[in-house]
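Note sheet for the following structure.
Model, not experiment: these values are computed from the prediction. Scope of the values below: all heavy atoms of this structure, side chains included, with no hydrogens, waters or symmetry mates. Indexing begins at 1, ligand by ligand and atom by atom, following the structure's order. This chain uses plain numbering: 1 for the first residue, then up along the sequence.
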Amino acid sequence: MVADSRQARLEELGLTLWQQRVRSGPPAPAAEPAEPPPSEPAAAGPPESVEMPPMTGSTPPPAPSPDVAAMDWDELAAHLAGCDHRGATRPVFGVGARDADLMIIGEAPGAEEDRRGEPFVGRAGKLLDRMLFAMGRGRTRNAYIANICKFRPPENRDPKAEEVAADRPILERQIELLSPKLIVAVGRVAAQTLLETQAPLGKLRGQVHTYPGRSLPLLVTYHPAYLLRSPQHKNRAWEDLREAMRLLDAAA
Ligand code: URA
C-alpha cells in the first residue's frame, strides 16, 4: 500500500521514467555529452572544449578567515547579509536541515531565488526537489542546499572568479558547520569550482571525488536546469543519485 502510494507519487512527479529507463538499460550513447551551462541562472559560459587534467583532491580551498571560521549558523547568515550584495536584491544563504548528512551545492541564485532569498526555488529547483524526493529526502528535512555564489550575478551570467572567491569563506564555513557525509555538486560551475578543475562535467560524473582538504566524498551530477532542457539525460542523473544513496547508506 505504502509502496503503491510512493509509486503513484513518483509517477505524478514524472520520476518513474527515470527508473524504468535505468532498469531496462538505456542505450549508451557513443560519447558522454558535455553539459552546457544551466540556463538558470547562468548565461552561456566558456566552451568546455579546453580540457585541463582533473586536480581532484589536490589543493585545499582557502580556509575561512578567523572571524568567519568561528561563526555559528546565525552569525554566518547575519555576516552574509552585511556583505556587498553586488547588485542583488538579497543574499541567498542556504536552506535545509543543519544536521543533514547530504549537502547539495549549486552555482548561484537566479531571479526567483534572488526574489525569495532561498536557493533552487525556480523551475530548476522544483526538479531538484523531485530528485531529492526520489532519494527519500526533502529540502528542509534531511538535506542542505547552498550555492557557490550567494548573490545573483547580474543578467544571470556565470559568476566571476572574484565573486566566487568573495563568497567562498561562507560556503567553507557552511560545510564545516554542517559536516555532511556527502556533497553533491550540481552542474559544471559548482563541480569545477569545488574540485578546482577545468575538466568537463561529463568527465567529473561517475566517480567519487574527495573534497579538497577534507576527507569528504563528493559526487557530481547534472544541473537540474540542464536536465529540464535535456531530459534524455535524466537516467544518468538517476544513476548519480543512486550512487549518492549508496554512499550515504554506507556512511550511516
Ligand atoms: N541554479 C543554481 O545553481 N542555484 C540556484 O539557487 C538556482 C538555480
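Using modelled atom types, one side-chain atom of T197 and one backbone atom of A199 make a donor-acceptor pair closer than 3.5 Å. Using a distance-only test at 3.5 Å, with no hydrogens or angles considered, no donor-acceptor pair links the side chain of K234 to the main chain of L227. Using a distance-only test at 3.5 Å, with no hydrogens or angles considered, no donor-acceptor pair links the side chain of R152 to the main chain of R86. Side chain of E75 to backbone of D72: a donor-acceptor contact under 3.5 angstrom is found. Put simply, the side chain of N147 never gets that close to the backbone of K150: no donor and acceptor are under 3.5 Å apart.
Contact between H223 and ligand 1 is present, with at least one heavy atom of the residue lying under 4.0 Å from the ligand. The shortest heavy-atom distance from G122 to ligand 1 is not under 4.0 Å.
Under the 4.5 Å side-chain criterion, counting only non-hydrogen atoms from C-beta, E118 is not in contact with I145.
At a heavy-atom cutoff of 4.0 Å, ligand 1 is contacted by no atom of A124, backbone or side chain. Residue contacts with ligand 1 for A190 are absent, since no atom lies close enough (heavy atoms, distance under 4.0 Å).
Residue G106 has at least one heavy-atom neighbour below 4.0 Å for each of these atoms of ligand 1: 3 (O). In summary, the atoms of ligand 1 found under 4.0 Å from a heavy atom of P119, numbered by their order in the structure, are 6 (O). Against a heavy-atom cut-off of under 4.0 Å, A108 is close to the following atoms of ligand 1: 1 (N), 2 (C), 3 (O), 4 (N), 5 (C), 6 (O), 7 (C), 8 (C).
Note: the hydrophobic cluster containing L80 does not contain V92 (ILVMFWY, side chain heavy atoms under 4.5 Å, direct or indirect links).
In terms of N/O distances under 3.5 Å, ligand 1 is not approached by E113. Between F120 and ligand 1, at least one pair of N/O atoms sits closer than 3.5 Å.
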